[in-house]
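Proteins get letters first, then strands, A, B, ... in listed order; numbering begins at 1 in each.
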Amino acid sequence: MDVSHLLDPLNEAQRRAVTAEDRHVLVLAGAGSGKTRVLIHRLAWLIQVEHVSPLGVLAVTFTNKAAGEMRERASQLLQVSTRPLWIGTFHGIAHRLLRMHWKEAGLPEAFQILDSEDQQRLLRRIIREEGMDEAHWPARQAQWFINARKDEGERPRHIEHGDHPVTATWVRIYERYEDYCNRGGLVDFAELLLRAHELWLEQPAVLDHYRRRLQHLLIDEFQDTNAIQYAWLRMLAGDTGRVFVVGDDDQSIYGWRGARVENVQHFMRDFPDVATVRLEQNYRSTGTILEAANALISHNQGRMGKKLWTEGPEGHPVQLYAAYNEQDEARFVVEQIRQWIDEGRRADEAAILYRTTAQSRLFEEYLLRESIPYRVYGGLRFFERVEIKDALAYLRLLLNPDDDAAFERVVNKPTRAIGDKTVSLLRAQARESGIPLWQAAGACIDQKLLAARAANAVQGFIDLLTGMHERMRDWTLGNQMQGVIDDSKLASHYEKEPPERMETRLENLRELVNAADAFVLPPEDADAGLSELQSFLSHAALEAGETQGEQWDDCVQLMTLHSAKGLEFPLVFIAGMEDGLFPHQRSIEESGGRLEEERRLCYVGMTRAREQLCLSYAEVRRMHGSESHSRPSRFIDEMPSSLLREIRPRVSAERPYVPARPSAPKRSGGGFKGQEWPFRLGQAVTHRKFGEGTVLAFEGSGEHTRVQVNFDAAGVKWLVLAYAHLEAR
DNA sequence: TCCATTGACGTTTTT
DNA sequence: CGTCAATGGA
């Protein structure tokens, strides 16, 4: 067997990982070290060299994007159909298992997936029904509590609340929530994983079947696994399975949502015969960027240890810009991007990364002003839009009328005279009898519990859905979708919105019909016994689709540091490098490794850059309405200053900067007018607080102009001219 | 039932 | 400061 196509493109460490004969393999793959390549080549190695049946391999990722990429690249390398391979996300695989074994898992055949918004709505309703104060018991927090418990594998009965009243209350909500979900056949994301784990625990025959079949398990982004995923994996591996995991403890940035970096270390303890391979050669960034990143991350304790290196060029120093305020920062970044583009580079080679989503606003503003196209990651996705979810809710009810989440969503949308009062009555009835709303609605009418008008309206809704159900039974998915939109008269509900918004909503609905039309039942879903409709709805929940915006347009990329993981750009800006913002204040205050996770986040951000990395911070930033002064991020101090180059605006005393858009200083009396500098270099000045000094330099423009003064008593300081109130002597 | 005003809140997010 | 959701009057 000629294996050169599998091994030639690999370096020595990668080769060792791909060809390892040890039972288990742990690949510590640094950023940009070719971990996906190793995973794919291992997969191909197993099949082509070790002659493992494709049916015996399970490859697990965290995102649909990664799963898609893996399947794509695997089919290229293998040159055969990848259909028999199990490649998917943890959730996708759990979902598939539950579909195939719904009986053993104790689920109804037509169970539905609740996305996180559905889950929150349901919880809000439960909290209200319990007569609790929503301000004190926010649904968001209940959701957080329940998901965290489920991520740890805990049901309400497992939770020790002792005499802690707050925990006891959340446990009660958790129980009530479970009742609702069980009654309606609803499964949230965390539940998919938990049920899949319980399937292993409670159905030894099922577990045994998969243990025999899936002898090779490949796991990507292992540092992101949570407790339940790890437990699930361990059980599946059993005594004979072979596990190949790829991860990077230095890139673990999701601890706050249950990911356990410790799993990387536990892996060596819990699994026997683990070969550890480090991938440290980096194919992405310049030597300088890597050196700075290595220095930063070395401040973390208890790492597995890894040092990135490259054969490539050293590259430029890391730029550091000390902005006066956040406007100045945005102006600077956009100016740099303008230059980059003027030099003939593409806009989509540049990315602006920030810690919090709110920071994107200013950059958007300045990019807009400069007419530079941009794209912000992380907005609402297609299947999360209200109009899409409304339309899908009708379909969900057709499939499973017990789906209370869907019922509540559309029972009065468009308005059909089923007001709050009527719905409350239905809820009370449902709760009393422990039945879904749909059945309660029927019961209320039969028992004449509703006023004539309300009864009529509710009957109308029931008739509408039963009518749809009977008429559309044999229609194609696309026609069903269109039929539901037409019959429900959903469009009329959006008519009251501003015309522009309505237009996009209607357009999205047309797009939804197109998507339904184009939908092909995936073979693995067919195998699991899913109907086209079931499969379509599950896909809508499990992969909510791309965020808006065309990826291939030539756009500057704006995103949080978190969503940048896995991506790379020639030019990267990390903005807001201030203590309190990044690292975030809450991470500084809280204990439990939060600060180290922030440092890893910074490391992730830095290692996104191929050619040029630019860090910036603002000395003054308006946050929550008030101005805050902060120190530059401690992370900057953790990088060798020899690798950094401080950038100052290109302003000199000889050729004064003429602002493109002259603006008067906001406060009167402080600034200077026109192009005239109020002071000469070397001018002796007096400051209210710092006393006497000498002007050393100017920088910045307009109201942001700063002046450097050597004070006799206070030393050298940069001051904002507009606020400094300096007087010439 | 709808719109406007008020008030609370202000990490990070995929499935 | 800016956003979003909840509330209350018309």
With sugar-phosphate meaning primed atoms plus P, OP1 and OP2, does A/Asp151 contact a base, only sugar-phosphate, or nothing at under 4.0 Å between heavy atoms?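 Nothing, no heavy atom under 4.0 Å.
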
Length of the line joining [X]:[atom1] and [N]:[atom2], which is rounded to integer Å:
X: A/Gln120; N: C/dC4; atom1: CD; atom2: P; answer: 14 Å
X: A/Asp420; N: B/dC2; atom1: CG; atom2: C1'; answer: 14 Å
X: A/Arg121; N: C/dC4; atom1: CZ; atom2: P; answer: 16 Å

Measure from NZ or CZ of A/Arg375 to the centre of the six-membered ring of A/Tyr377 and say whether it is under 6.0 Å with the direction within 45° of the ring axis.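 Yes - A/Arg375 lies over the ring of A/Tyr377, closer than 6.0 Å to its centre and within 45° of its axis.
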
Is the cationic atom of A/Arg155 (NZ for Lys, CZ for Arg) positioned less than 6.0 Å from the six-membered ring centroid of A/Tyr174 and within 45 degrees of its normal?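 Cation-pi check for A/Arg155 and A/Tyr174: fails.
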
Between protein and nucleotides 8-15 of chain B, map the contacts as a letter string: B base, S sugar-phosphate only, - none, heavy atoms under 4.0 Å, written 5' to 3'. --BBBBBB

Span that lies between the C1' atom of C/dT3 and that of B/dT14, in whole angstrom: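 It comes out at 23 Å once rounded to the nearest Å.
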
Measuring only the P atom in each nucleotide, how far is C/dA5 from B/dT12? A whole number of Å is fine.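 C/dA5 and B/dT12 have their P atoms separated by 15 Å.
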
Within this structure, what is the CE-OG distance for the pair A/Met559 and A/Ser360, rounded to the nearest 0.5 Å?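 Spacing of CE (A/Met559) from OG (A/Ser360) equals 11.5 Å.
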
Can you say whether the rings of [X] and [Y] are parallel (under 30°), tilted (30 to 60°) or perpendicular (over 60°)?
X: A/Tyr254; Y: A/His562; value: tilted
X: A/Tyr230; Y: A/Phe222; value: tilted
X: A/Trp200; Y: A/Tyr210; value: tilted

Taking O4'-C1'-N9-C4 for purines and O4'-C1'-N1-C2 for pyrimidines, is B/dT12 syn (within 90° of 0) or anti?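 Nucleotide B/dT12 adopts anti.
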
